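Report on the structure given below.
Source: prediction; values computed, not measured.
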Amino acid sequence: MLGKGSVNHNSRKFKAENIDAERTSQNITYCNEPIKQVYHILFDDALERYNARQKRADRRIDNYYEKIRTGKQEKLFYEVILQIGNKDNMAAISEDGQLAAKVLDEYMKDFQGRNPNMRVFSAHLHMDEATPHLHIDFVPFITGSKRGLDTRVSLKQALAAQGFIGGTRGDTEWSQWVLSEKEQLSQVMERHDIQWEQLGTHDEHLSVMNYKKEQRTKEVKALEKSIAKIQNQQLEVQVVEKIEAKSVPLSSKVMLSQEDYKTLTTAAKKYVAQEKKESKLQKLLDAANRKIVQLEKKVSDLLKSIADLTKQLDQYRSVRGQLSVGALKQENEELRKSNGLYKSIIEQHGLGHLLGKRKERGQREDAR
């Protein structure tokens with residue numbers, strides 16, 4: 001879930017009524033930096049470059065933290081809260097709750113590395129409430145921006161920089177990222193033999209597999225674009241081939257114009273760098289293609305499993321229906337036998353005429 005964020009509550013500077021103070025010592029604090037200090041670290045250099053470009057004093061920004069705090073476009077920071085299970089099946093004081101805490105701890109240790117454009121400044125695992133849960137507070141940022149500060153706050157652009165490109169209204173950068181992080185958490189859960197039962201969501205496991213396949217496809221396309229870009233850059237080498245060196249009189253050395261020299265050195269540096277990148281990207285592309293093949297096989301296996309389960313369900317319904325009809329017939333037969341026995345006993349005691357009166361009364365009531 002996405003929370004408004006309360007750093008003081010997360011760090012236990014103040015304690016709510018639902019906190020068990022005796023278990024607060026079991027909480028884990030991963031980091032707890034002052035957010036203003038984080039803003040100075042992230043944006044001060046970019047703010048200085050931005051202000052230096054402004055010719056009008058009224059366009060300069062004195063305090064970037066205050067600008068974001070009082071503005072309406074971006075939040076100062078964002079908070080996500082992760083929890084496995086609930087107080088009934090993963091209570092903090094139970095053995096399963098301890099396992100949930102272990103999973104969340106393992107998940108948290110890779111969070112920052114997985115999300116380089118989300119600067120985590122406060123993260124806490126709480127064990128002193130009903131269920132173990134994790135609070136992660138972060139500042140989303142981008143670099144190389146063409147407008148405003150070249151390094152600035154932006155959740156949408158930060159997610160895009162990490163490969164989450166928005167599509168339809170229900171398929172935003174945020175929703176893609178959330179699903180990706182749920183998958184990361186579920187992988188840790190699987191390593192600890194915890195099965196993800198998806199409640200209150202339309203994203204069934206098959207959809208998750210399709211999502212993974214789509215993500216790998218996007219990665220392949222991105223790699224193909226990178227390779228195409230590298231190939232275009234390599235065309236610059238052809239420009240170098242056209243450079244003609246002039247011999248220096250009475251010397252074995254040659255002479256280049258300053259412009260040709262710059263072109264040559266720049267192209268040489270780019271060529272060496274791009275050769276290394278191309279080799280790395282090709283390896284990533286091959287790995288992505290192999291992953292797609294694996295995911296396609298998993299999706300195919302899941303579809304077969306669904307077909308088998310559907311067939312078994314139809315058979316079960318058919319058998320259950322037959323059993324219901326058979327049970328009713330048996331019950332009806334037993335009632336008939338009981339009715340015959342009761343009639344025989346009544347007649348043996350000379351009360352057969354009562355049966356006749358009851359039958360006549362029933363006929364009159366039917367007529368009414």
For the pair H192 and L99, evaluate side chain to side chain contact (heavy atoms under 4.5 Å, CB included) and give the outcome as yes or no after the intermediate values.
-> CA-CA 8 Å; H192 293 273; L99 179 59; 4.0 Å; yes

Once rounded to the nearest 0.5 Å, what's the spacing between atom [atom1] of [X] and atom [atom2] of [Y]?
X    : Y    : atom1 : atom2 : result
D96  : D88  : CG    : CG    : 12.0 Å
T143 : L42  : OG1   : CG    : 11.0 Å
L47  : Y65  : CG    : OH    : 15.0 Å
L125 : M108 : CG    : CE    : 10.0 Å
E129 : N27  : CD    : CG    : 8.0 Å
M189 : I84  : CE    : CD1   : 5.5 Å

Side chain to side chain contact (heavy atoms under 4.5 Å, CB included) evaluation trace for Q157 with N117 | CA-CA 9 Å; Q157 296 301 323; N117 290 81; over 6 Å; no

If I compare all heavy atoms of [X] with all of [Y], which pair ends up nearest, and what's the gap?
X    : Y    : value
R53  : G148 : NH2-O, 3.4 Å
R119 : E33  : NH1-OE2, 2.7 Å
H133 : L104 : CA-CD1, 3.9 Å
R23  : D128 : NH1-CA, 3.5 Å
G85  : M90  : CA-CG, 4.0 Å
G97  : P132 : O-CG, 3.3 Å

[Y] and [X], any side-chain heavy atoms less than 4.5 Å apart:
X    : Y    : value
F111 : E181 : yes
K182 : L185 : no
R147 : R152 : yes
Q98  : E95  : no
P140 : L159 : no
T151 : D45  : no
L295 : I292 : no
L149 : I61  : yes

With distance as the sole test, does [X] use its side chain to make a donor-acceptor pair with the main-chain N or O of [Y] at under 3.5 Å?
X    : Y    : answer
D150 : G144 : no
E74  : I68  : no
N51  : E48  : no
N86  : N89  : yes
Y39  : V139 : no
N289 : L285 : yes
T131 : K87  : yes
Q54  : Y50  : yes

Compute whether any side-chain donor of one residue and acceptor of the other, for D44 and Y64, lie under 3.5 angstrom apart.
-> no

Take atom CD1 of I93 as the centre, draw a 6.0 Å sphere, and report whether it contains more than 12 heavy atoms from other residues, nucleotides or ligands.
-> no

Please say which of Y78, F77, F141 ends up in a ring pair (Phe, Tyr, Trp, His ring centres under 6.0 Å) with F121.
-> F77

Start with the C-alpha distance between E66 and R69, add both sets of side-chain angles, then the distance that settles salt bridge (charged side-chain N to carboxylate O under 4.0 Å, His left out), and finish with yes or no.
-> CA-CA 5 Å; E66 287 299 321; R69 187 184 68 83; 2.7 Å; yes

Please state whether the rings of W174 and W177 are parallel, tilted or perpendicular, taking 30° and 60° as the class boundaries.
-> tilted

Indicate the ring-plane relationship of H126 and H135, choosing parallel, tilted or perpendicular according to the 30° and 60° boundaries.
-> tilted

Give the intermediate values and the outcome of side chain to side chain contact (heavy atoms under 4.5 Å, CB included) for residues K337 and E334.
-> CA-CA 5 Å; K337 290 180 180 179; E334 290 176 354; 5.7 Å; no

Results of salt bridge (Lys or Arg N to Asp or Glu O under 4.0 Å) for R191 - residues two or more places apart only = E106

Would R290 and D286 count as a salt bridge (charged side-chain N to carboxylate O under 4.0 Å, His left out) if you check the C-alpha gap in whole Å, the side-chain angles of each, and the deciding distance to 0.1 Å?
-> CA-CA 6 Å; R290 288 195 296 271; D286 293 340; 5.3 Å; no

Going through the distances and angles, do D301 and K297 end up as a salt bridge (charged side-chain N to carboxylate O under 4.0 Å, His left out)?
-> CA-CA 6 Å; D301 292 342; K297 185 178 184 305; 3.1 Å; yes

Could you tell me whether R114 sits above the aromatic face of Y107, with NZ or CZ closer than 6.0 angstrom to the six-membered ring centre and within 45 degrees of the axis?
-> yes

Is V120 linked to I142 within one hydrophobic cluster, defined over Ile, Leu, Val, Met, Phe, Trp and Tyr using a side-chain heavy-atom separation of less than 4.5 Å?
-> no

F138 and Q112: side chain to side chain contact (heavy atoms under 4.5 Å, CB included), yes or no, with the steps?
-> CA-CA 10 Å; F138 60 88; Q112 184 66 90; over 6 Å; no

